[in-house]
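Atoms within a ligand are numbered from 1 in the order they appear, just like the ligands themselves. All values below were derived from every heavy atom in this structure, side-chain atoms included, with hydrogens, water molecules and symmetry-related copies excluded.
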Amino acid sequence: MEKIDGLEKERRFCKHGFEHGLNVARIAYAYLLEKGELLLSKESIYAAAFLHDIGRWVEYETGEDHAVASARLALPLLEVCRFNSDDIQVILNGILEHRRHPEDNLTTLGEALALADDWARDCRHCSLQDLCYKYNQTMNQVMY
Ligand SMILES: [Fe+2]
Ligand SMILES: [Fe+2]
């Protein structure tokens with residue numbers, strides 16, 4: 001995350017550091033709680049959210065899709081934190097799916113992360129609305 005912070009120092013659009021991860025975690029957890037689909041532990045949801053963009057620096061440096069890089073980088077961290085193999089697979093799938101459209105056929109966690117990723121942005125008050133490709137997508141997203 002320090003690497004991402006450094007590479008995004010001059011970035012004018014939304015950043016992808018700790019605060020973004022925390023916002024996505026809180027929103028994804030609340031979304032799943034309200035939907036009555038809390039089949040995963042809070043720890044798994046928060047881990048997925050904190051790690052979903054951890055590969056951003058790889059994308060900046062190599063062009064690789066950061067969802068793929070994030071899942072790869074997340075695996076050893078999840079193992080060190082002793083998540084069981086079933087939970088790790090669910091978390092990695094969620095990370096891989098977080099950039100896809102929430103209405104695609106996503107896993108429950110993937111859908112929650114994709115929605116929370118959009119809802120975590122304060123597009124309504126952003127001065128870069130005209131320049132941001134995410135603006136229309138996020139503003140047109142139905143809030144459940
Ligand atoms: Fe992302
Ligand atoms: Fe994100």
Side-chain angles (χ1 to χ4, degrees), residues 1-35 37-81 83 86-144:
M1 278 191 178
E2 283 173 10
K3 210 164 177 173
I4 295 168
D5 289 343
L7 288 165
E8 292 188 335
K9 212 172 206 139
E10 305 299 323
R11 184 180 165 86
R12 296 170 66 208
F13 298 103
C14 292
K15 299 186 180 191
H16 301 88
F18 180 84
E19 197 178 332
H20 174 63
L22 183 61
N23 287 335
V24 171
R26 288 172 168 160
I27 295 167
Y29 180 70
Y31 172 75
L32 292 171
L33 196 63
E34 280 197 350
K35 222 179 159 202
E37 292 187 8
L38 210 52
L39 304 173
L40 279 169
S41 67
K42 185 193 266 185
E43 288 76 15
S44 293
I45 296 164
Y46 270 66
F50 273 121
L51 296 172
H52 81 280
D53 278 337
I54 203 167
R56 265 272 168 179
W57 66 269
V58 178
E59 184 169 312
Y60 291 138
E61 292 188 351
T62 71
E64 181 184 13
D65 183 312
H66 73 265
V68 175
S70 296
R72 185 175 62 249
L73 294 173
L75 176 58
L77 299 174
L78 294 166
E79 288 173 339
V80 165
C81 293
F83 284 90
D86 289 344
D87 285 349
I88 287 176
Q89 203 48 59
V90 172
I91 293 167
L92 295 181
N93 286 338
I95 291 172
L96 285 169
E97 292 176 349
H98 87 268
R99 302 192 70 200
R100 299 200 8 218
H101 197 277
E103 282 148 28
D104 291 347
N105 193 22
L106 305 183
T107 61
T108 302
L109 181 60
E111 179 200 51
L113 291 175
L115 286 168
D117 202 21
D118 285 346
W119 293 342
R121 300 165 198 274
D122 188 17
C123 295
R124 199 174 303 278
H125 302 105
C126 181
S127 62
L128 300 173
Q129 291 171 352
D130 295 341
L131 302 172
C132 182
Y133 81 99
K134 272 275 190 186
Y135 175 71
N136 284 330
Q137 180 186 320
T138 301
M139 292 304 287
N140 291 330
Q141 200 77 258
V142 179
M143 289 284 241
Y144 291 90

* Considering all heavy atoms of both residues, which atom of Ala48 and which atom of Leu109 are nearest to each other, and what is their separation? -> CB-CD2, 3.8 Å
Using distance only, find each side-chain donor-acceptor pair of residues 86-93 under 3.5 Å and give its atom names and separation, not counting sequence neighbours.
from, atom 1, to, atom 2, distance (Å)
Asn93, ND2, Gln89, O, 3.3

* Structure fact -> The side chain to side chain donor-acceptor pair (under 3.5 Å) partner of Glu111 among His98, Lys35, His101 is Lys35
* For Glu61, all residues meeting salt bridge (Lys or Arg N to Asp or Glu O under 4.0 Å), sequence neighbours excluded -> none
* Structure fact -> Shortest non-hydrogen pair, Lys9 vs Lys15, comes out as O-NZ, 3.4 Å
* Which pairs with one or both residues in residues 63-77 pass salt bridge (Lys or Arg N to Asp or Glu O under 4.0 Å), sequence neighbours excluded? -> Glu64-Arg72, Asp65-Arg99
* Structure fact -> Near the Fe ion (ligand 1) (protein N/O/S, cut-off 2.8 Å, waters excluded) we have Asp53 OD1, His66 NE2, His98 NE2
